[in-house]
Amino acid sequence: MTTALGTRLNFQTLVQARRGGEAMMAMRRGQPPAQALRAAGVLPRLYVMVCGDTGCLARKSDKTRDALIQAMSAYGLDSDVEVMRSGCFGFCSQAPVVVTYPDGIFYCQVKPEDAEEIVTRHVLGGQPVERLLYQPDPRVRQRVARMMEMSFFKGQQRIALRNLGLIDPESIEEAIAARAYEALARVLQEMTPEQVIAEMKRSGLRGRGGAGFPTGLKWEIARNTPGDIKYVTCNADEGDPGAFMDRGILEGDPHSVLEAMAIAGYAIGSHHGFIYVRAEYPNAVRRLERAVSQATDLGLLGERILGSDFSFHVELRLGAGAYVCGEETALMASVEGKRGMPRPRPPFPSDAGLWGKPTLNNNVETYANVPPIILNGGDWYASIGTEKSKGTKVFALAGNVTNTGLVEVPMGTTLRQIVYDVGGGIPKGKKFKAAQTGGPSGGCVPAEHIDTPIDYESLAALGSIVGSGGLIIMDEDACMVDVARYYLEFTQDESCGKCPPCRIGTKRMLEILNRIVAGEGEEGDIERLESLASSIKATSLCGLGQNAPNPVLSTIRYFRDEYEAHIRHKHCPAGRCKELVEYRVNAEKCIGCTLCIRVCPSGAITGELKKPHAIDTELCAKCGSCYDVCRPKAIER
Amino acid sequence: MRFAHGEAPTWPEARKAEVEEIIARYPDSRSAVLPLLHLAQAARGWVAQEDLEAVGRILGLSTAYVDSTASFYAMYHGHPVGKYVITVCTNLSCHLAGAGKVLEALEKTLGIKPGETTRDGLITLEGTSECLAACDAGPVAQVNVEYFLRLTGAKAETLVEALRSGDTKALAGLAEHGEAAAEAVLSARVREVPAHV
Ligand SMILES: Cc1cc2nc3c(=O)[nH]c(=O)nc-3n(C[C@H](O)[C@H](O)[C@H](O)COP(=O)(O)O)c2cc1C
Ligand code: FES
């Protein structure tokens, strides 16, 4: 592959390559150094970044970009303005997103028709297009123009996600301009492996894959284990329901992971890395393949990196649809060509990992933090976050919250700040009920604890975990028994079957939960769930089984009354469990608008205009469509 | 038997160089089992008993071993599947966003249940409890692993129609990665083998 940078780089030419793009990156970040260059006409006056990632592409951001490019040339602005594709800004609810630099104006839901006005008003007239700016509260007319003034961005600190939205993830030139491989160069030129490890230990970074093991310590153990051949693996098998941080990083900044793996290789004395990536991530795989080949062509991976005597090779390895392969010993069994079953630890992979050799395994997000730590120092990273939980954490925000997507906040940020400031609150004026953290290994945080700081220790005290970073927000309509049942169904399905407590125990628990939501719960079910849970936790072989009961235990802890309502009164307070709910029309409130008749997919509602309607319970499929549309709230359940 | 019989595979010859390259990546040839199975599935659309035998022969492993490994992984289809495999995420976020309605709509237009293939062999429907990691844009489905986001019952019907008529434009309008994805989906079966497997 040929790139603008030509052939293999060495330490000097890497610096030159970065310098060449530095002003452009500074400008995109809205930083001043570029101003002089811009005045001299070396740089375009304005960068228009159009998000070309998941959410925005789905809403045709490519069409928006084409329209912007056309409009610029129609006004003869080609050399003044550069329209580019960027990675995800994380604010996907406003897709397609367009951001201009250096003024940092953030446009929401930009359609091709809007291109002309952006040119005439903004580029030529110097005024942002008011109607495309973000409106935090639909009831208040005020809009926010600048990205950095939006609470979504203000509340965040982006370290692992630093380049998402800033660079074109398919361009290694842009990655280099944004300082990719600078940390690797520094490590190879100036640092001993011991110094690298010391810096990592100083940072206090803990594994972001779920278990939270101190990263520097893990590197030290792997370095100190004797062995002629060692391996570095990257766990990109992200499978926790609700988690999509790793996909975001792999698609938006693949070089950060490659660079970090090479640094890790240097630190522990390894020359071979494997990335185990989910086969369900076609775009991440494409971007990684491209990144590996670009980096290899430029001598940033492969033999004699940057002309030094350190070599490091990276191979991709596709999973094949087994959640449990995210567990590190299962992952290694899978790479070795076996069934992906976990085995007891010890021995840990650092002693006996891939093919029995010492192996260092870290998660995608963990790796993405490494280059900034090397560049800015471990102390800098440790100054962010709380006493025991250092740095930032990326969360995958989903569920009943206005701004869904990836967010990165300092550890210790409260759940309230995440939900209301960054997340923009609960849509449709509904109430916050609970947040589910840590996916099927985690638990829920109920409304009464919304001011809890999110860090390893505080969540553990509430019976949940930070986990990999899935954060599902639930409003008043969520049934917590159903939520728990959902997770258990998942772990039950994904249990590899090797150890009986996990295989059989989770099945028993699921049977009980299925009965409860079907209205067949019995007195003593809650106690049965609790006792099964404690034996599964105590005797399962791996984290899958050990943590599987957590969502159930945690919902019992905070929403016991909901379990009791299902069991004793055969009633689902949230109205979600179909077997326990019946829809009826309150004739007093019904205004006879026929809206519900029109939305009912089963033709179960009858009635005339301006007369109370009625639901035929035999025909009713209990989908809740009528309930959702009825404005006078005459449908009850 | 989980893996059905099929015609003798052509990939061991047609992709000989790739097979050798894959084996050379690992210190132990057993490690090539999964990549070779991916290769086999990319060629046939599913994995047949004959593919297991071929993988065993190439790597010096018993067919029983390859079978037991392959059957552990959900992505290997042991029976012929449709040209298009629609996989609907039914995990929590998608469930809360209405995945049930999407699945119902698909069952209705296709006239099949999850796990089944339409009689013309065109479409296989699957529900998966494995989160597809686009939970902020649910309900989510993949068609031959390409993403389709924010689905509704109506969109699901349009999706099926686009697949039936082979309408690239209509499909691109629904796909997360637009035209590239639509083309990748519609050219199924002559699917390219990914460079890295
Ligand atoms: C059932 C199960 C699934 C897991 N899935 C993942 C995963 O998808 N990604 C990940 O990085 N770690 C996962 N882990 C944790 C890994 O075993 C391991 O702790 C982690 O990859 C170590 O990297 P870290 O120290 O950088 O977090 C999983 C663990 C269990 C028990
Ligand atoms: S729950 Fe469906 S994509 Fe995550």
Side-chain angles (χ1 to χ4, degrees), chain A residues 54-55 57-58 60 62 92-93 229 238-244 246-247 278-283 285 288-289 315-323 325 334-341 355 396-400 404-406 436 439 470 472 474 478 483 486-487 489-490 493-494 496 601 623, chain B residues 25-35 37-38 41 59 61 68-76 87 89-93 95-97 100-101 104 128-138 142 144-150 153 173-179 181 184 194-197:
Chain A
T54 314
L57 261 187
K60 310 274 166 296
D62 47 346
C92 311
S93 63
I229 296 179
E238 183 171 64
D240 264 1
F244 48 91
D246 297 350
R247 181 162 83 93
R278 267 184 99 177
E280 291 92 334
Y281 286 5
N283 209 32
V285 172
L288 274 172
E289 277 176 353
E315 293 282 353
L316 301 193
R317 178 67 192 228
L318 296 201
Y323 168 70
C325 286
S334 179
V335 175
E336 290 171 7
K338 302 173 186 157
R339 298 166 77 96
M341 290 204 186
W355 302 290
L397 205 51
N400 307 122
T404 55
L406 294 182
Q436 175 73 28
I472 301 176
M474 285 168 288
V483 166
Y486 237 87
Y487 280 118
E489 191 171 74
F490 173 80
D493 208 36
E494 297 295 340
C496 76
C623 70
Chain B
R25 271 182 218 162
Y26 304 104
D28 172 9
S29 63
R30 181 188 301 265
S31 303
V33 169
L34 271 77
L37 288 168
H38 275 307
Q41 176 147 305
L59 301 178
L61 302 164
S68 89
T69 306
S71 57
F72 182 82
Y73 296 94
M75 277 185 104
Y76 299 125
T87 313
C89 172
T90 59
N91 212 296
L92 186 63
S93 296
H95 166 69
L96 293 174
K101 286 181 193 167
E104 260 170 44
T128 179
S129 61
E130 291 218 359
C131 163
L132 294 175
C135 327
D136 53 338
Q142 288 188 333
N144 298 357
V145 214
E146 291 292 341
Y147 279 97
F148 292 80
L149 308 176
R150 296 186 186 85
L174 293 165
E176 179 200 354
H177 295 114
E179 242 155 77
H196 284 274
V197 281

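Letters A, B, ... are given to chains in the order of the sequence lines, protein chains preceding strands, and every chain is numbered from 1.
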Spacing of OH belonging to Y487(A) relative to CG belonging to D240(A), to within rounding of 0.5 Å | 8.5 Å
Please answer whether the main-chain N or O of G340(A) pairs with a side-chain N or O of Y73(B) as donor and acceptor at a distance below 3.5 Å.
-> yes
Side chain, backbone, both or neither: which part of S68(B) has a heavy atom under 4.5 Å from chain A?
-> both
Option that, when pairs with chain B are counted at under 4.5 Å, heavy atom only, ranks first among A398(A), A478(A), P241(A), G319(A) = P241(A)
For the side chain of K338(A) and the backbone of R30(B), is there at least one donor-acceptor N/O pair under 3.5 Å apart?
-> no
Answer key: most heavy-atom pairs under 4.5 Å with chain A among T69(B), L174(B), T128(B), L37(B) is T69(B)
Determine whether R317(A) and P35(B) make a side-chain contact, defined as any pair of heavy atoms from C-beta on separated by less than 4.5 Å.
-> yes
With no hydrogens and no angle check, is any side-chain donor or acceptor of E336(A) less than 3.5 Å from a backbone partner on W355(A)?
-> yes
For E494(A), is it the side chain, the backbone, both or neither that has a heavy atom under 4.5 Å from a heavy atom of chain B?
-> side chain
Picking from T90(B), V33(B), L96(B), L92(B), which has the most non-hydrogen pairs under 4.5 angstrom with chain A?
-> L92(B)
Can you find a pair of side-chain heavy atoms, one from S93(B) and one from F244(A), that are under 4.5 Å apart?
-> no
Against chain B, label L406(A) side chain, backbone, both or neither, depending on which of its atoms sit under 4.5 Å from a heavy atom there.
-> neither
Among E179(B), E104(B), E130(B), the residue with the most heavy-atom pairs under 4.5 Å to chain A is E130(B)
Interface check, chain B: of G399(A), A243(A), S334(A), A396(A), most non-hydrogen pairs under 4.5 Å belong to S334(A)
Do the side chain of Q142(B) and the main chain of E280(A) share a donor and acceptor less than 3.5 angstrom apart?
-> yes
Let me know if Y147(B) has heavy atoms under 4.5 Å from chain A in its side chain, its backbone, both or neither.
-> side chain
Can you say whether C623(A) sits under 4.5 Å from chain B via the side chain, the backbone, both, or neither, judging by heavy atoms?
-> both
Heavy atoms only, distances under 4.5 angstrom: which of Q436(A), E238(A), K60(A) has the most pairs with chain B? Name it, please.
-> K60(A)
Working to the nearest 0.5 Å, report the span between OG of S129(B) and NE2 of H95(B).
-> 13.0 Å
Is the closest side-chain heavy-atom distance between I472(A) and V483(A) below 4.5 Å?
-> no
Non-hydrogen atoms of chain B under 4.5 Å away: do they reach the side chain of D246(A), the backbone, both or neither?
-> neither
Which region of Y323(A), side chain (C-beta onward) or backbone (N, CA, C, O), has a non-hydrogen atom less than 4.5 Å from a non-hydrogen atom of chain B, or is it both or neither?
-> both
Out of A133(B), A32(B), G100(B), which one racks up the most heavy-atom pairs below 4.5 Å with chain A?
-> A133(B)
Between A279(A) and chain B, which part of the residue has a heavy atom less than 4.5 Å away: side chain, backbone, both or neither?
-> both
Just by distance, do the side chain of R25(B) and the backbone of E315(A) share a donor-acceptor pair under 3.5 Å?
-> no
